[in-house]
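Throughout, a chain's letter reflects where its sequence line sits, starting with A, and its residues are numbered from 1.
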Protein chains: 2
Amino acid sequence: MSQHADLAARAGDLDATSPLSGTRERFLVPEGVIYLDGNSLGALPAAVPDVVQDVVTRQWGQRLIRSWNEFDWWGAPERTGDRIGALVGAAPGQVVVTDSTSVNLFKVFVAAGRMRPGRPVVLTDGGSFPTDLHILSSVARLMDLEVVRVTHEQAAGAIAEHADRLACIAFSQVDYRSGELWDLPGLTRAAHDAGALACWDLCHSAGVHPVGLDEHGVDLAVGCGYKYLNGGPGAPAFLYVAARHQDAFDHPLTGWQGHAAPFAMSPDYAPAHGITRARVGTAPLLSLLGLEAALTAYDGLSMADVRAHSQSLTGFFLECLDGLGLDLPVVTPRDPERRGSQVSLRHPEAYAVVQALIARGVIGDFREPDVVRLGFAPLYLSHADVLASAQHLLEVLRDKEFERPEFAARAAVT
Amino acid sequence: MSQHADLAARAGDLDATSPLSGTRERFLVPEGVIYLDGNSLGALPAAVPDVVQDVVTRQWGQRLIRSWNEFDWWGAPERTGDRIGALVGAAPGQVVVTDSTSVNLFKVFVAAGRMRPGRPVVLTDGGSFPTDLHILSSVARLMDLEVVRVTHEQAAGAIAEHADRLACIAFSQVDYRSGELWDLPGLTRAAHDAGALACWDLCHSAGVHPVGLDEHGVDLAVGCGYKYLNGGPGAPAFLYVAARHQDAFDHPLTGWQGHAAPFAMSPDYAPAHGITRARVGTAPLLSLLGLEAALTAYDGLSMADVRAHSQSLTGFFLECLDGLGLDLPVVTPRDPERRGSQVSLRHPEAYAVVQALIARGVIGDFREPDVVRLGFAPLYLSHADVLASAQHLLEVLRDKEFERPEFAARAAVT
């Protein structure tokens with residue numbers, strides 16, 4: 001039996017016994033597409049189109065302003081937040097859906113600085129997604145803080161080194177480029193031992209990893225609604241403030257929807273009780289209610305099963321690379337306990353390789369400078385998809401398809 | 001002929017000669033509803049449902065991540081901004097649709113403070129919509145500024161008094177409660193004479209008044225997408241930075257989408273050229289593209305005609321009140337040149353009066369403490385609607401309908 005046939009048989013076995021078999025039907029993935037970019041924009045959940053149409057034509061169109069009460073639009077940020085909370089290990093009342101990840105990072109960093117006065121240092125990862133670094137630098141400028149950039153390996157040592165000068169650590173649980181899973185429990189503990197706060201960006205872990213915010217005592221966290229949570233393009237982001245910190249969560253975007261009595265129209269600000277104080281202006285309801293509907297794709301699933309299927313998919317992809325004789329450098333850790341839900345590979349012509357794959361219906365993405373980034377969204381991908389994508393990659397490289405001129409031209413959005 | 005018949009004949013004449021006759025068909029206003037709350041949530045434009053469905057099912061669902069290029073999702077904030085710019089008198093390249101009004105106010109106030117170092121005073125209106133005051137206080141705390149609250153009458157004197165200590169004025173063009181139109185050209189000139197910047201909130205004027213941002217030399221402005229612009233619940237807001245200030249517009253929400261090279265993934269921030277630097281994170285595209293479609297309701301209209309029809313509607317409403325013998329105190333100026341697109345009345349039982357009107361299909365809103373606020377959106381209201389709503393109000397008051405117990409209970413969102 002060929003190597004490919006062996007792998008196909010194994011894919012069949014793995015798919016037959018996966019705890020997530022059948023969840024693909026909760027999505028409207030186009031025919032002929034293997035979608036490995038759910039970490040950039042998640043696929044469309046089947047529940048979403050009807051809900052959004054109802055929001056537009058009946059709620060907005062027919063009921064107009066009355067929908068704020070009749071459909072509890074007002075409660076959507078907290079209601080959707082609790083749904084996400086259940087996926088990232090947060091008890092109700094600690095997560096709100098609001099604004100973008102960048103805006104939420106700004107709230108978190110200013111609030112963290114104010115919660116730790118006299119501690120001027122913030123530790124972050126120099127390889128973070130840029131918006132995290134940009135926003136942190138902006139807050140540092142406003143509040144006279146010092147940002148120290150470290151690697152994962154240096155982090156624990158740097159926490160100990162800065163100790164009582166450290167306000168907070170600000171890391172991503174999964175590196176957006178390499179797919180490496182950072183040690184959230186250990187670094188959170190180390191930050192607390194130093195008297196500092198632990199702020200985590202969950203953009204690339206929410207929806208594919210149990211996270212365990214409450215269990216690990218994380219203080220503040222943010223994350224994205226449109227990647228593995230499938231909320232649709234630009235779906236609003238979420239913000240977690242541990243219950244014990246909410247009274248002290250003093251953020252600077254003091255919009256009227258975070259007020260204790262928003263309809264009293266007081267000229268003076270008084271923050272709402274609980275996570276509601278992290279709200280700012282009116283949420284984009286078409287996008288927010290689309291996200292709420294999208295989250296029903298997780299109904300009845302355990303995040304342990306989701307994580308197990310995710311690890312199995314990424315592990316099997318590595319097995320396929322080996323089995324098919326594909327020897328590209330793998331950036332992502334091979335240890336499944338140190339891996340998010342993606343596999344990143346290096347290739348000097350990474351951009352063109354990704355374009356050649358897309359032409360074959362295998363949609364991944366490129367990240368500067370030379371990374372082929374393949375995200376494995378566990379709810380709508382099978383081991384059979386994984387093998388097929390590895391086979392396509394093999395053919396693209398073997399036949400040097402990526403050298404075709406049509407794959408060289410860069411699009412505006414890469 | 002009765003007074004009502006006279007008014008009906010006059011309404012017929014006014015509607016027959018209005019430059020906006022026929023624009024109501026661009027909206028899906030429910031049968032049996034006279035909608036006087038377009039200044040809180042605009043009605044549904046007929047173009048929106050198909051566009052939003054296409055965005056969800058084809059762009060997101062079928063084309064997935066490729067839509068960023070194929071449908072130029074990336075350019076939507078500036079593209080939609082230019083459409084709004086045309087309605088508020090701003091040449092292209094100065095308006096971007098992004099975030100909420102509150103978040104944009106934060107950017108504007110911090111940037112204004114940085115553009116006028118050594119000038120610690122900001123003048124605002126103590127009766128502003130609360131979010132403006134809350135955000136300004138928050139910025140004042142971060143940047144050590146002093147907020148001075150004045151009335152419209154006091155504004156010019158206060159500008160002269162603070163003169164070279166004044167960083168900026170921060171006013172709303174139309175008072176959200178009274179409907180008074182502030183003197184934007186005069187106060188902008190006065191601010192400039194003092195060396196200060198003029199920041200205007202257009203939430204209650206964009207889409208009903210020509211504004212004339214460029215003509216009057218306004219420096220910075222923000223506004224709402226879901227009121228008279230009809231973008232749908234929570235549609236993103238807009239931000240104007242006059243071209244001459246864009247290079248110096250140094251705001252603190254330095255998200256990756258405002259970067260000069262967002263896909264280079266540099267750890268260091270470099271602001272984009274032009275208005276793009278005011279972008280932060282990924283825009284909520286269902287809501288943003290819904291707003292873009294909604295704006296087509298203005299196609300072919302001149303803002304002078306829109307303003308004329310608006311003034312005619314509010315003027316005719318006052319005429320109906322007088323003609324029908326309704327003598328509630330009118331909060332809104334009777335001079336059409338000092339009036340936005342609303343009429344606000346005082347009544348000790350204002351909340352119940354509004355509820356009784358809603359039960360009759362006349363949807364207005366209540367504002368603390370005793371204001372019946374009626375917004376006249378010129379694109380989907382006629383003089384006949386205006387007369388009918390005055391007649392309903394007459395009957396509600398004459399028959400003391402507002403005293404019915406079912407109209408007393410406050411809803412969560414008022």
Under 4.5 Å from any heavy atom of chain B, what part of [X] do you find: side chain, backbone, both or neither?
X: V29(A); value: neither
X: I363(A); value: side chain
X: D250(A); value: side chain
X: T254(A); value: both
X: A411(A); value: both
X: F106(A); value: side chain
X: Q62(A); value: both
X: V52(A); value: side chain
X: Y176(A); value: side chain

#### Entry: Worked verdict on D365(B) versus I65(A) for side-chain contact (heavy atoms from CB on, under 4.5 Å)
CA-CA 9 Å; D365(B) 71 15; I65(A) 193 73; 5.7 Å; no
### Query
Which one, G255(A), G75(A), P233(A), P130(A), leads in non-hydrogen pairs under 4.5 Å with chain B?
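Top option by heavy-atom pairs under 4.5 Å: P233(A).
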Per-residue contact mode, [X] against chain A (heavy atom under 4.5 angstrom):
X: D132(B); value: neither
X: F27(B); value: neither
X: V33(B); value: side chain
X: E368(B); value: side chain
X: T57(B); value: both

### Task
Might you point out which heavy atoms bring P252(A) and S138(B) nearest each other, and give the distance in Å?
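Reported closest heavy-atom pair: O-OG, 2.5 Å.
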### Task
Of all the heavy-atom pairs spanning S102(A) and G281(B), show the shortest one and how long it is.
OG-CA, 3.9 Å
### Message
Can you list the residues of residues 285-293 of chain A that sit under 4.5 Å from chain B, counting heavy atoms only?
### Response
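Within residues 285-293 of chain A, the residues under 4.5 Å from chain B are L285(A), L286(A), S287(A).
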### Query
Got a second to check how far D50(A)'s CG is from Q53(B)'s CD, nearest 0.5 Å?
8.5 Å
### Query
Should the ring pair F129(A) and W256(B) be called parallel, tilted or perpendicular, given that the plane angle runs from 0 to 90° and is split at 30 and 60?
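Rings of F129(A) and W256(B): perpendicular, over 60°.
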### Sequence neighbours excluded - salt bridge (Lys or Arg N to Asp or Glu O under 4.0 Å) pairs with any residue from residues 51-69 of chain A
D54(A)-R58(A), R63(A)-E70(A)
### Task
Provide the full list of salt bridge (Lys or Arg N to Asp or Glu O under 4.0 Å) pairs with a residue in residues 37-46 of chain A, sequence neighbours left out, each pair given once.
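Salt bridge (Lys or Arg N to Asp or Glu O under 4.0 Å) check on residues 37-46 of chain A returns no pairs.
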### Message
Applying side chain to side chain contact (heavy atoms under 4.5 Å, CB included), can you list everything that pairs with T124(A), at least two apart in sequence or on another chain?
### Response
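Residues passing side chain to side chain contact (heavy atoms under 4.5 Å, CB included) with T124(A): S128(A), L133(A), L136(A), V147(A), R149(A), A170(A).
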### Query
Between S137(A) and Y269(B), does any side-chain donor sit less than 3.5 Å from a side-chain acceptor?
no
### Query
Heavy atoms, side chains only, cut-off 4.5 Å: are W60(A) and L28(B) in contact?
no
